[in-house]
Amino acid sequence: DEDELKKSLSELADDKADNAHSKSISRIGSGSNPFLDISHDPNAAIYKTGFLARKIHADMDGKKTPRGKRGWKTFYAVLKGMILYLQKDEYKPEKALSDEDLKNAISVHHALAIKATDYEKRPNVLKLKTADWRVFLFQAQSPEEMDSWIQKVNSVAAMFSAPSFPAAIGSQKKFSRPLLPATTTRMSNDEQLKSHEAKLKHVSTELAEHRSYPPDKKVKAKEIDEYRLKEHYLEFEETRYEMYVKLLKEGAKELLSGKESDGGGLKKSQSSPSLNQESTPANVKVKRNISERKDYRPETPSSKQKVT
């Protein structure tokens, strides 16, 4: 862990030095935390393009997105470097990105994309959870395109995400997630695989230990909430690193170097932002996806609830 921290700090310093000498690279983010700002590099490799419909499912830290901001919108998606750009029009290399394009951009460092099996209102939907615990739903044109986006996004994250920083030091009862830098790793493919394997082993061990000491039933609800939040985090990290290790072993580098079409010529509708939306008959009541609640930050249970 100490070696990974040194490498991560070194990579951050190198990236900041590189950016200082390049006027063509801008930053995407508030600038309040230099570890988490996204570097927009116009010369980054393009791994996949195509139309996607997006729905914002959870805001930063897993907080539920307000109802008025959860609607579906169609974008032309470009996975370029470690950034997923969501543009209103098809990608043109010579055209500069607008402020709106940069605002909609999503960094996929330390992210995980999976099939949204718990979302039944539309077909071909994938779920993307980012490093800051935002959650997005994306609808692709076909099952094949959905699988391709999942593989490409996860491969980029697995290959290029720099080692994480330690969690903030504070109260033992107060859980804090470690910082996940947006810088690109300088490790070789083999070093990156070993790093992910070590992290997976560490997270799995920590999860097992965490579950072996559940909170007493008489403790305050806030402590139970902290216990569940940490368990939720460790479960996600275990799944994420399992995916990263699997992809690197199977040849993520070769997958990213392959060329694909941009979704079979899918055209964006001017009247509706939906893609292949399956309308529901008027007399059929749509079931609420209860399992979607797992994507949100665990809520503080009442004093009557028990930990199972």
Side-chain angles (χ1 to χ4, degrees), residues 36 38 47-48 52 54-65 77 79-86 105-119 124-140 143 145-165 167 177-185 192-193 195-204 206-207 229-253 255-256 289 291-298:
L36 305 180
I38 308 169
Y47 300 112
K48 187 169 178 62
L52 287 174
R54 181 209 68 187
K55 178 179 181 179
I56 303 176
H57 187 59
D59 293 336
M60 192 177 295
D61 290 328
K63 296 178 181 178
K64 195 169 185 177
T65 302
L79 181 57
K80 187 175 183 179
M82 282 206 296
I83 303 176
L84 179 63
Y85 294 98
L86 301 174
I106 302 170
S107 176
V108 300
H109 72 285
H110 297 278
L112 179 67
I114 61 172
K115 182 179 180 181
T117 55
D118 51 7
Y119 191 85
N124 314 321
V125 175
L126 64 96
K127 182 189 300 178
L128 175 65
K129 189 166 185 176
T130 63
D132 57 4
W133 275 24
R134 289 182 296 163
V135 180
F136 301 89
L137 298 180
F138 289 101
Q139 184 189 18
E145 272 295 287
M146 177 192 67
D147 291 338
S148 177
W149 277 108
I150 289 173
Q151 285 191 315
K152 293 280 187 175
V153 168
N154 288 336
S155 293
V156 168
M159 283 191 64
F160 304 121
S161 295
S164 62
F165 293 100
R177 303 196 313 273
L179 285 174
L180 301 175
T183 52
T184 303
T185 185
Q192 188 78 340
L193 174 58
S195 174
H196 290 331
E197 288 177 329
K199 198 67 179 179
L200 173 59
K201 183 178 180 180
H202 175 76
V203 168
S204 298
E206 189 174 0
L207 177 59
L229 179 61
K230 184 175 182 179
E231 182 178 41
H232 179 69
Y233 161 77
L234 291 172
E235 287 173 344
F236 174 73
E237 289 296 275
E238 184 178 51
T239 301
R240 182 167 71 88
Y241 281 110
E242 283 175 347
M243 177 62 71
Y244 288 2
V245 169
K246 177 176 180 292
L247 286 170
L248 290 183
K249 285 184 175 180
E250 293 179 353
K253 188 174 182 179
L255 174 66
L256 290 177
N289 295 296
S291 55
E292 288 180 35
R293 295 175 184 171
K294 294 179 181 179
D295 299 318
Y296 303 130
R297 179 188 177 95

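Start at 1 with the first residue, then count along the sequence.
- Contact between Gly81 and Tyr47 at its shortest, heavy atoms only, is O-CE1, 3.7 Å.
- Only one option out of Glu238, Glu242, Glu237 pairs with Ser204 in a side chain to side chain donor-acceptor pair (under 3.5 Å); it is Glu238.
- Under the 4.5 Å side-chain criterion, counting only non-hydrogen atoms from C-beta, Phe138 is not in contact with Val125.
- From His57, atom NE2 reaches atom CZ of Arg134 across 14.5 Å, with rounding to the nearest 0.5 Å.
- Inter-residue side-chain proximity for Glu145 and Lys48 is flagged as met; some heavy-atom pair is nearer than 4.5 Å.
- Residue Thr185 holds its OG1 atom at 10.0 Å from CZ of Phe160, rounded to the nearest 0.5 Å.
- Nearest heavy atoms, Ser155 versus Leu247: N-CD1, 3.7 Å.
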Candidate pair Leu52 and Gln139, rule side chain to side chain contact (heavy atoms under 4.5 Å, CB included), full reasoning: CA-CA 6 Å; Leu52 287 174; Gln139 184 189 18; over 6 Å; no

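- When all heavy atoms of Ala252 and Leu248 are compared, the closest pair comes out as CB-CD2, 4.1 Å.
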Lys230 and Glu235: CA distance, side-chain angles, deciding distance, salt bridge (charged side-chain N to carboxylate O under 4.0 Å, His left out) verdict: CA-CA 9 Å; Lys230 184 175 182 179; Glu235 287 173 344; over 6 Å; no

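- Contact check for Leu79 versus Val156: side-chain heavy atoms found under the 4.5 Å cut-off.
- The side-chain heavy atoms of Tyr119 and Lys127, taken from C-beta on, include no pair separated by under 4.5 Å.
- At a threshold of 4.5 Å between non-hydrogen side-chain atoms, the residues Ile56 and Arg54 count as touching.
- Between the CD1 atom in Ile150 and the CD1 atom in Ile114 there is a gap of 8.0 Å [rounded to 0.5 Å].
- Separating the OH atom in Tyr85 from the NZ atom in Lys80 is a distance of 6.0 Å, to the nearest 0.5 Å.
- The two atoms that bring Pro181 and Pro163 nearest to each other are CG-O, 3.3 Å, heavy atoms only.
- Judged purely by atom type and a 3.5 angstrom limit, His109 has no side-chain atom pairing as donor or acceptor with the backbone of Ala157.
- Between the Asn124 side chain and the Met146 main chain, no donor and acceptor come within less than 3.5 Å of each other.
- A donor-acceptor pair under 3.5 Å is formed between the side chain of Thr65 and the backbone N or O of Ala58.
- One N or O on the side chain of Gln192 and one on the backbone of Met159 form a donor-acceptor pair closer than 3.5 Å.
- Figure legend: Lys129 and Phe236 shown as a cation-pi pair, the cationic atom lying under 6.0 angstrom from the six-membered ring centre and within 45 degrees of its axis.
- Of the possible polar contacts, one joining the Lys152 side chain to the Leu255 backbone as a donor-acceptor pair under 3.5 Å is found.
- Ser164 places a side-chain heavy atom less than 4.5 Å from the side chain of Lys199.
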Derivation and outcome, side chain to side chain contact (heavy atoms under 4.5 Å, CB included), residues Thr239 and Leu112: CA-CA 9 Å; Thr239 301; Leu112 179 67; 3.8 Å; yes

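- Within the model, atoms CG of Leu179 and CG of Asp132 stand 11.5 Å from one another, a figure rounded to the nearest 0.5 Å.
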Audit row: Glu197, Tyr241, side chain to side chain contact (heavy atoms under 4.5 Å, CB included) steps and yes/no: CA-CA 7 Å; Glu197 288 177 329; Tyr241 281 110; over 6 Å; no

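- With rounding to the nearest 0.5 Å, the separation of CG in Leu229 from CD in Glu231 is 10.5 Å.
- Of the candidates Leu84, Asn154, Leu128, Trp149 forms a side chain to side chain contact (heavy atoms under 4.5 Å, CB included) with just one, namely Leu84.
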Verdict with supporting geometry, Glu250 and Lys246, salt bridge (charged side-chain N to carboxylate O under 4.0 Å, His left out): CA-CA 6 Å; Glu250 293 179 353; Lys246 177 176 180 292; 3.2 Å; yes

Chi angles and distances behind the side chain to side chain contact (heavy atoms under 4.5 Å, CB included) call for Val108, Thr130: CA-CA 6 Å; Val108 300; Thr130 63; over 6 Å; no

